[in-house]
Amino acid sequence: MPLLGDPYRADCPTRRILDRIGDRWTVLVVGVLAEGDARFSQLARRVEGVSQKMLTQTLRGLERDGLVRRTVHPEVPVRVEYALTEAGRTLCEPLRALQEWAITHLEDVSASQRAHDEVA
């Protein structure tokens, strides 16, 4: 029997999925991996401000959820690469839309924040 999701219910597993894909580090990591496979150090350089701990947690969570594949290449030194899975690639378009929305509305949102903060 297929699972039926209702993210408005507190006990629905879709809430955890939304938490994962709505997380800022997830949005940025998926954005980088949409450009191609990357090593941990490449991801850390590209996603400015992410700590090693948060990047590790984000990648582990994405791997657990089946959105990222971790491949260990038996070389010396060992090389580890991360790539989006097929399911992970389906996130690229909606997350890109959110990024584009943020860029397009940056000026309006910033002006609203300044106006609000002046009154508060």
Side-chain angles (χ1 to χ4, degrees):
M1 178 174 190
L3 293 175
L4 299 176
D6 181 358
Y8 295 96
R9 290 185 43 156
D11 63 344
C12 184
T14 57
R15 289 262 183 115
R16 288 190 301 281
I17 296 169
L18 289 173
D19 285 345
R20 167 77 57 222
I21 64 176
D23 175 74
R24 73 171 155 170
W25 301 123
T26 293
V27 170
L28 298 172
V29 167
V30 169
V32 172
L33 292 176
E35 300 168 1
D37 299 2
R39 296 176 70 172
F40 186 92
S41 60
Q42 293 171 308
L43 289 165
R45 279 193 303 275
R46 184 78 165 83
V47 181
E48 293 182 9
V50 68
S51 67
Q52 183 172 346
K53 178 183 176 182
M54 282 310 303
L55 183 55
T56 298
Q57 287 178 357
T58 300
L59 288 167
R60 284 181 182 162
L62 290 168
E63 184 180 11
R64 181 176 182 261
D65 293 343
L67 303 173
V68 165
R69 180 182 63 256
R70 179 178 183 267
T71 303
V72 179
H73 299 278
E75 302 172 354
V76 178
V78 173
R79 182 170 52 98
V80 178
E81 287 187 325
Y82 297 89
L84 293 175
T85 62
E86 187 175 329
R89 284 191 294 277
T90 67
L91 273 177
C92 293
E93 186 176 337
L95 293 183
R96 189 175 310 111
L98 286 173
Q99 290 175 350
E100 289 172 6
W101 186 94
I103 292 166
T104 300
H105 292 73
L106 174 62
E107 198 170 310
D108 294 335
V109 171
S110 294
S112 292
Q113 289 170 343
R114 283 191 303 276
H116 181 272
D117 292 348
E118 288 173 5
V119 174

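Of all heavy-atom pairs between Trp101 and Val109, the closest is CH2-CG2, 4.3 Å. Summarising the geometry of Arg69 relative to Thr71, their closest heavy-atom pair is NE-OG1, 3.8 Å, with the distance given to 0.1 Å. Of all the heavy atoms in Thr90 and Ala87, the pair that sits closest is OG1-O, 2.5 Å. Taking all atoms of both residues into account, the shortest heavy-atom contact from Val80 to Arg39 is O-CG, 3.5 Å. When all heavy atoms of Ala83 and Asp37 are compared, the pair lying nearest together is CB-OD1, 3.1 Å. Heavy atoms only, all atoms of each residue included: Cys92 and Val30 are closest at SG-CG1, 4.3 Å.
Taking a 6.0 Å sphere around CZ of Arg89, one finds it holds more than 12 heavy atoms contributed by other residues, nucleotides or ligands. More than 12 non-hydrogen atoms from other residues, nucleotides or ligands lie less than 6.0 angstrom from CD of Glu35. Within a 6.0 Å sphere centred on NE2 of His116, heavy atoms belonging to other residues, nucleotides or ligands number 12 at most. Under a cut-off of 6.0 angstrom, the local environment of CZ in Arg46 is sparse, with at most 12 non-hydrogen atoms contributed by other residues, nucleotides or ligands. More than 12 heavy-atom neighbours from other residues, nucleotides or ligands sit within 6.0 angstrom of CD on Glu75.
Using a 4.5 Å cut-off on side-chain heavy atoms (C-beta onward), Val68 and Thr85 make no contact. In this structure, the side chains of Met54 and Gln57 come closer than 4.5 Å at one or more pairs of heavy atoms.
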Report the C-alpha distance between Ile21 and Leu18 in whole Å, list the side-chain angles of each, state the deciding distance to 0.1 Å, and finish with yes or no for side chain to side chain contact (heavy atoms under 4.5 Å, CB included). CA-CA 5 Å; Ile21 64 176; Leu18 289 173; 4.1 Å; yes

Would you check, one step at a time, whether the test side chain to side chain contact (heavy atoms under 4.5 Å, CB included) holds for Leu43 with Leu33? CA-CA 8 Å; Leu43 289 165; Leu33 292 176; 4.0 Å; yes

What's the verdict on side chain to side chain contact (heavy atoms under 4.5 Å, CB included) for Leu59 and Leu55, showing C-alpha distance, side-chain angles and the deciding distance? CA-CA 6 Å; Leu59 288 167; Leu55 183 55; 4.0 Å; yes

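Trp25 is not connected to Ile17 by any chain of hydrophobic side-chain contacts under 4.5 Å among Ile, Leu, Val, Met, Phe, Trp and Tyr, and they are in different clusters. The hydrophobic cluster containing Leu106 does not contain Val27, counting ILVMFWY residues as joined when their side-chain heavy atoms lie under 4.5 angstrom apart, directly or transitively. Cluster membership for Ile103 and Leu98, using ILVMFWY side-chain heavy atoms within less than 4.5 angstrom, is not shared.
At least one donor-acceptor pair closer than 3.5 Å links the side chain of Arg15 to the backbone N or O of Tyr8.
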